[in-house]
Visitor: 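Below is a structure I'd like to ask you about.
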Amino acid sequence: VIARTNPLLAAAACALLGGCVLLPVLGGPPPRDDDASPALALEGFEDVRGLVHVHSVQSHDSSGTFEAIADAAAETSAAFVVLCDHLRGGPAADDGPDGRVHDVLFVPGAELNRNGGSLLVLGIRKGVDPRVGDAPLVGAIRERGGLAGVGHPESIRLEGLVDADACELLNIHACAVEEGRFALFFRSFFLPPRPFFSSFVSRLPGAAAVYDALARTRPLAALGSCDAHEAIRPLGPLAGAVDSYRRLFRAATTHVWVPAARAGPSLSKGDVLDAIREGRTYAASELTQDATGFRFVARGSSGAVRALPGGSVPLAAGDALEVAVPVPADITILRDGAVTLVARDARAARWIPLAAGAYRVEATFEGRPWIFSSAIRVTGENETLPGK
Ligand SMILES: [Zn+2]
Ligand SMILES: [Zn+2]
């Protein structure tokens, strides 16, 4: 609010306090991918919305058909769906849908219950053997072009999953469990679906702690998982479903940045997996506000973009981390999980890092969780990063 009434004063005060500069953008149209503003342009990349960790008829506890999922995804303007159906017993016999269903790209995947949480297999399903131990399984998944993600990090003991490519920062199933089934059940009677879901989408501190621990040493894709089993049944299957895929999908999305030429009909499984492997993602909850246009970059003092989420930059004088959001929101920049900067009711925020660490962004819209970015790593002078 102060920043709005007197941006120069706020910027000056903030610079004195900690080296940050708030850059609220007042009015104007929402940023688009072709926006000429240097603070918002993400050279050569396009923001593509997708759905990760979706359950279908392939799971024992879901009856959602691929067609129903595709139609609900299209209604959510999601270009891709990564199915993560449960694997029990032995290896899966097939990949399931791998390609387009009703114009929506389906990417195979699986969910394996592990250590109190789950291992999300992204990109492959056939032949994934749930009986294999964590670390060798992750190796085998990568060998075949797939990726490993941490599912339900809020409750997992990591053990052999420390070498993951991705980690949930948002999981609607986890949010529902945290809220309590009785509270949800009663609320479902008097709230319409959208406010109902909004009421329990929450930040998961346990998930954030796991993400921040793993992101220090490697690119780590932030995932927003609807973990949709077609419907959330607060009191079990007999008590009735609260909603179908349609609104669940808006509650948690995963955006990936892909090379601009690859967005649209040419988007492939490889494009989605490359973005996740490199951490070019953010998680969002878009029940009330579209997150498209969100930006987080490291910019050199010359003005060039030096890293996108998932990337790393050496600590250098004058380099800044820049954030932009499509509508005013509360923006938080965290370093290794600790709050570094809060910009309230702002369209943009800027922070000059003075310490190495994994920096990521969380934004809330009207007080509700909205955006969770993957981290950009700022490395110390003599630090060598493991390749990936
Ligand atoms: Zn779940
Ligand atoms: Zn699940």
Side-chain angles (χ1 to χ4, degrees), residues 50-66 68-69 72-73 78 80-89 92 96-97 106-125 128 130 134 137 141 146-158 161 164-181 184 197 200-208 210-211 221-237 241-245 247-254 276 283 285 369 372:
L51 302 160
V52 171
H53 191 167
V54 175
H55 292 279
S56 75
V57 280
Q58 295 177 135
S59 283
H60 61 97
D61 53 358
S62 174
S63 54
T65 64
F66 305 138
I69 291 169
F80 68 90
V81 169
V82 184
L83 291 180
C84 289
D85 283 307
H86 297 289
L87 279 187
R88 305 239 160 145
F106 275 60
V107 176
E111 178 173 31
L112 284 65
N113 293 340
R114 292 278 155 142
N115 318 336
S118 66
L119 166 59
L120 300 177
V121 183
L122 312 170
I124 56 166
R125 170 178 165 84
V128 173
D134 293 345
L137 184 56
I141 290 163
L147 301 172
V150 177
H152 284 290
E154 75 286 348
S155 58
I156 206 167
R157 303 177 309 280
L158 280 170
L161 293 182
D165 302 289
C167 179
E168 290 176 341
L169 276 172
L170 183 63
N171 178 311
I172 298 308
H173 180 199
C175 293
V177 168
E178 203 144 286
E179 196 75 5
R181 50 174 48 185
L184 286 183
F197 281 107
F200 72 87
V201 173
S202 58
R203 185 180 192 272
L204 298 163
V210 168
Y211 182 94
L223 300 180
S225 293
C226 31
D227 198 359
H229 296 72
E230 190 183 15
I232 288 182
R233 294 180 174 84
L235 290 180
V242 169
D243 201 21
S244 61
Y245 286 123
R247 283 193 181 78
L248 275 171
F249 282 176
R250 286 202 174 88
T253 58
T254 297
I276 295 174
S285 184
F372 298 85

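Only this structure's heavy atoms are used, side chains among them; waters, hydrogens and symmetry mates stay out. One-based numbering, in listed order, for ligands and for the atoms of each.
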Visitor: Tell me which N, O or S atom of Glu111 sits nearest to the Zn ion (ligand 2).
Guide: OE1
Visitor: Determine yes or no for a side-chain-to-main-chain donor-acceptor pair under 3.5 angstrom, with Ser56 supplying the side chain and Phe66 the backbone.
Guide: no
Visitor: Counting N and O atoms only, with roles assigned by atom type, does the side chain of Ser285 sit under 3.5 Å from a partner on the main chain of Ala251, one being a donor and the other an acceptor?
Guide: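 Yes; judged by distance alone, with no hydrogens or angles, the pair exists.
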Visitor: Once rounded to 10 degrees, what value does the angle at the Zn ion (ligand 1) take between ND1 (His173) and NE2 (His152)?
Guide: 110°
Visitor: Are any side-chain N or O atoms of Glu154 and backbone N or O atoms of Ala207, one a donor and one an acceptor, separated by less than 3.5 Å?
Guide: no
Visitor: Any N/O/S of His53 under 2.8 Å from the Zn ion (ligand 1)?
Guide: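 False for His53.
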Visitor: Taking Ala148's backbone N and O only, do any of them form a donor-acceptor pair with Asp165's side chain (distance below 3.5 Å, no angle check)?
Guide: yes
Visitor: Quick check against the 3.5 Å criterion: does Arg114 have a side-chain atom that pairs as donor or acceptor with the backbone of Ile156?
Guide: no
Visitor: Is there an N/O/S atom in Cys84 at a distance below 2.8 Å from the Zn ion (ligand 2)?
Guide: no
Visitor: With respect to the Zn ion (ligand 1), what is the nearest N, O or S atom of Asp227?
Guide: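 Looking at Asp227, the N, O or S atom with the least distance to the Zn ion (ligand 1) is OD2.
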